[in-house]
Amino acid sequence: MIKKILVANRGEIAVRIIRAARELDIETVAIYSTADKDALHVQLADYAVCVGGPSSVDSYMNMNNILSAALCHNVCAIHPGFGFLSENASFVRMCESCGIKFIGPNADCIDRMGHKSNAKASMIEAGVSVVPGSADPITEVNVGFEMAESIGFPVIIKAVNGGGGRGMRICYDIDTFESLFELAQNESRTAFNSDLMYIEKFIENPRHIEIQVIADQYGNVLHLGERDCTLQRRNQKVIEEAPSTFITDEIRSQMGREAVAACKYVGYENAGTIEFIVDKNQKHYFIEMNTRIQVEHPVTEMITGFDIVKEQLLIASGKTLSMSQEDINFKGHAIECRINAESPENSFRPSPGALRYHHIPGGNGVRFDSHIYDGYIISPFYDSMLGKLIVHGSNREEALSKMRRALGELHIEGVDTNVQFLYALVGDENVVSNKYDTSYIAESLNRLLEV
Ligand code: ADP
Ligand code: ADP
Ligand code: MG
C-alpha cells in the first residue's frame, strides 16, 4: 500500500484528496504557491512545500519544482487532481522516470485520449459512436473550411488541447467561418499554447451526459453510471446531477457498455470520464474523455456509496477493484452546484477578495466540499470555485427541494457569489420539469437574473 503521496493541486480538490488519504493512513505532502501560503490544503497536509510564485506556470505547473519536492519528501505517488498537470503526458513520463507512481493512466494512454482528435480516432476503432468530424488536427483556415463544408453547417470549431470550455466556437454558416476559426485558434494559442484545431458537427439542442469509469491495473473496468451536466454556461458545467432523467435504461446501458469497451481498448487505468452529448432523439455521440478525477465526481459517490478518490489511491497501490459491476446499485438522486466567487450581474466576472464570514448548510443528505474559511483571501490568480454544494434525496424532486433549502442557508460574505443565481436555476420551472438543453442558461439568463 502507498504510504505517502504528493498532492499536485490546490483548492477544494487538494483538500478532498488529503481527506481521502488521511482516512487510508496515507501521509500527504501539499504544494503551494506564494499566493496560497495560508490555504487550507497547506494546513491540512502533513507536509507542505512552496513550489513557486502565484502564476500557475511558476508553481502548480512547474514540473521540475514539483518533482524535486516529491523526491525530497520521498513520496510513492503523485495525485494530480484536475486542471494543471492532470492531463499532461510529459509530466507523467517524468514521474515514471523518477520512480514515482502517477495516480492516473499511463503517459501513452493520456497521449491517446487527452487530445480530442486522437481520442476520437481511438474511439471509432473501439466501436463507440462519435460526433462526425475531422480525423486529423487542422492548422490552416482553408483546410478547416473545406472540412466544415463536407461535414455540413452548423459545425463546432475546437482546440485539440482545449478544456474548461475554452478555445471553442459554434459556426452556423460559411460567411462567419473564417473569423470564428481565427478567434478559436487565437484563444487556443493563448490558453493551451497550441494552434491545433479540429472541426465536428454541432449537435443542436443536446444534453451533456457522461459516464464515470474506473479501472484497476489488471484490466478490470467498471462504470459507475452517468451524470447529466446539461446546465452549462459558455460550455462549462454549472449544475450536475445523477442519474439523468433524460435517457432510457436501454440507452444508459448502451452508453455504459461503450464506455467500458473504450477503456479496455486503450488499456485505461484509474478513474476517468467518457463524455457524450445526446440529441433530442436520444442518439448519443462521444465528444471527449477526461483522463482524471472530475469536479462533479461527488454526485456519483452519493448515488453509489463509493468513495472514488479512495478507490483511486487503492488502484495506484496495486489493489484490484473493490467492487464488481453487479455490486454497483444506484440509490436516489444527487445534485451538485458549483459555488463560485463571481458576479452574475456583471457578466459573471470573478470576484476575488477577503471572505469575511460564511455559514455552511447541513442536515440530512447535504455535503459541502470546499477549502474556504473565514478570513480566507480568494486569490485572483486561480479559478473562482469556492466549493461544491451536493445534496442527495430519494428522488429528483426531493433533491431539488433539498438543494433550494441548502442554497437558502448558505451565506458567504465579503465577495460576490453565484448562490442567488443557482437558487433561481434550481427553482426554474423548466429545470424542475426537465425541459432544457445545453443552451438553456444562455437563453434564459435575463429571467434567471431577475429572480
Ligand atoms: P470537469 O469536466 O471536471 O467539470 P472542467 O472542464 O470544469 O472539468 O475543468 C476542471 C478544471 O480544470 C477547471 O478549473 C478548468 O479550468 C481546468 N481545466 C480543464 N481542462 C484544462 C486544460 N486542458 N488545461 C488547463 N486547465 C484545464
Ligand atoms: P471541454 O474540454 O472544454 O470540456 P468538450 O468537448 O467537452 O470541451 O465540450 C464542452 C461542451 O461544449 C459540451 O459539454 C457541450 O455542451 C458543448 N459541445 C461540445 N461539442 C459539441 C458538439 N459537437 N455539438 C454540440 N455541443 C457540443
Ligand atoms: Mg468536456
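What you are looking at is a predicted structure, and each value in this text was computed from that prediction instead of being measured.
One distance of note links CG of Asp428 with CG of Leu422; it measures 12.5 Å at 0.5 Å rounding. Between the CD1 atom in Ile151 and the CZ atom in Phe202 there is a gap of 13.5 Å [rounded to 0.5 Å]. The distance from atom CD1 of Ile103 to atom CD of Glu269, rounded to the nearest 0.5 Å, is 10.0 Å. The structure places CG of Asn88 at 8.0 Å from CZ of Phe102, a figure rounded to the nearest 0.5 Å. Here Lys37 contributes atom NZ and Ile377 contributes atom CD1; the two are 9.0 Å apart, rounded to the nearest 0.5 Å. Between atom CD1 of residue Ile239 and atom NZ of residue Lys388 there is a gap of 14.5 Å, rounded to the nearest 0.5 Å.
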Q: Decide yes or no on side-chain hydrogen bond (donor to acceptor under 3.5 Å, both in side chains) for His297 and Arg16, but give the supporting numbers first.
A: CA-CA 11 Å; His297 74 275; Arg16 168 78 185 89; 3.2 Å; yes
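Residues Arg405 and Glu409 are paired through a salt bridge, judged by an N-O separation under 4.0 Å between the basic side chain and the carboxylate. The residues Lys158 and Glu200 are annotated as salt-bridged, a charged nitrogen and a carboxylate oxygen being separated by less than 4.0 angstrom. Here Lys237 pairs with Glu210 in a salt bridge; the nearest charged N to carboxylate O distance falls below 4.0 Å. By the 4.0 Å N-to-carboxylate-O rule, Glu311 lies too far from Lys319 to be salt-bridged with it. For Arg338 and Asp369, the salt-bridge test fails: no basic side-chain N is under 4.0 Å from an acidic carboxylate O. Contact check on Glu342 versus Arg349 returns no salt bridge, with no Lys/Arg side-chain nitrogen under 4.0 Å from an Asp/Glu carboxylate oxygen. Between Lys120 and Glu288 no salt bridge is recorded (no basic side-chain N to carboxylate O distance below 4.0 Å). For the pair Arg367 and Glu301, the salt-bridge criterion is met [side-chain N within less than 4.0 Å of a carboxylate O].
Looking at Arg227 and Thr273, their side chains do bring a donor and an acceptor atom within 3.5 Å of each other. Judged by distance alone, the side chains of Ser194 and Asn161 do bring a donor and an acceptor atom under 3.5 Å apart. For the residue pair Glu87 and Thr291, a side-chain donor N or O sits within less than 3.5 Å of a side-chain acceptor on the partner. No hydrogens or angles considered: nothing links the side chains of Gln236 and Arg166 as a donor-acceptor pair under 3.5 Å.
The side-chain heavy atoms of Gln420 and Leu449, taken from C-beta on, include no pair separated by under 4.5 Å. In this structure the side chain of Phe381 never reaches within 4.5 angstrom of the side chain of Ser56, judged on heavy atoms. Taking 4.5 Å as the limit, some side-chain heavy atom of Arg396 sits within range of a side-chain heavy atom of Leu400. Between Ile293 and Ile17 there is no side-chain heavy-atom pair separated by less than 4.5 Å.
Test Ile18, Val75, Ile26 against Ile5 for side-chain contact (heavy atoms from CB on, under 4.5 Å) and you get one pass: Ile26. Residue Asp228 is tested with Glu241, Glu296, Glu240 for a side-chain contact (heavy atoms from CB on, under 4.5 Å); the sole match is Glu241. Residue Ile203 forms a side-chain contact (heavy atoms from CB on, under 4.5 Å) with just one option from Ile287, Ile277, Val278, and that option is Ile277. Exactly one residue among Tyr376, Tyr32, Tyr382 makes a ring pair (Phe, Tyr, Trp, His ring centres under 6.0 Å) with His371. That residue is Tyr376. Considering Thr438, Asn434, Asp279 as possible partners of Arg207, the one that fulfils the side-chain hydrogen bond (donor to acceptor under 3.5 Å, both in side chains) test is Asn434.
For Asn364, the CG atom counts as loosely surrounded, since its 6.0 Å shell holds 12 or fewer non-hydrogen atoms of other residues, nucleotides or ligands. Atom CG of Asn395 has more than 12 heavy atoms from other residues, nucleotides or ligands within 6.0 Å.
Distance alone, capped at 3.5 Å, is enough to place a donor-acceptor pair between the Gln282 side chain and the Phe246 backbone. A donor-acceptor pair under 3.5 Å is formed between the side chain of Ser370 and the backbone N or O of Leu386. Looking at Glu258, its side chain never comes within 3.5 Å of a backbone N or O of Gly127 through a donor-acceptor pair. Panel note: side chain His79, backbone Gly81; a donor-acceptor pair is recorded below 3.5 Å. Checked by atom type and distance alone, the side chain of Asp327 pairs as donor or acceptor with a backbone atom of Ser324 at under 3.5 Å. Of the possible polar contacts, one joining the Gln217 side chain to the Ile315 backbone as a donor-acceptor pair under 3.5 Å is found. Side-chain N or O atoms of Arg22 include one that pairs as donor or acceptor with a backbone N or O of Leu44 at under 3.5 Å. Panel note: side chain Asn418, backbone Phe421; no donor-acceptor pair is recorded below 3.5 Å. Put simply, the side chain of Tyr60 never gets that close to the backbone of Leu85: no donor and acceptor are under 3.5 Å apart. A distance-only check finds a donor-acceptor pair linking the side chain of Ser129 to the backbone of His284 [under 3.5 Å].
Cation-pi geometry between Lys201 and Phe153 is not satisfied (NZ or CZ under 6.0 Å from the ring centre, within 45° of the ring normal). Geometrically, Arg112 does not engage Tyr268 in a cation-pi contact, judged by NZ or CZ lying under 6.0 Å from the ring centre and within 45° of the ring axis.
For the residue pair Arg169 and Leu180, the shortest heavy atom distance occurs at CG-O, 3.8 Å.
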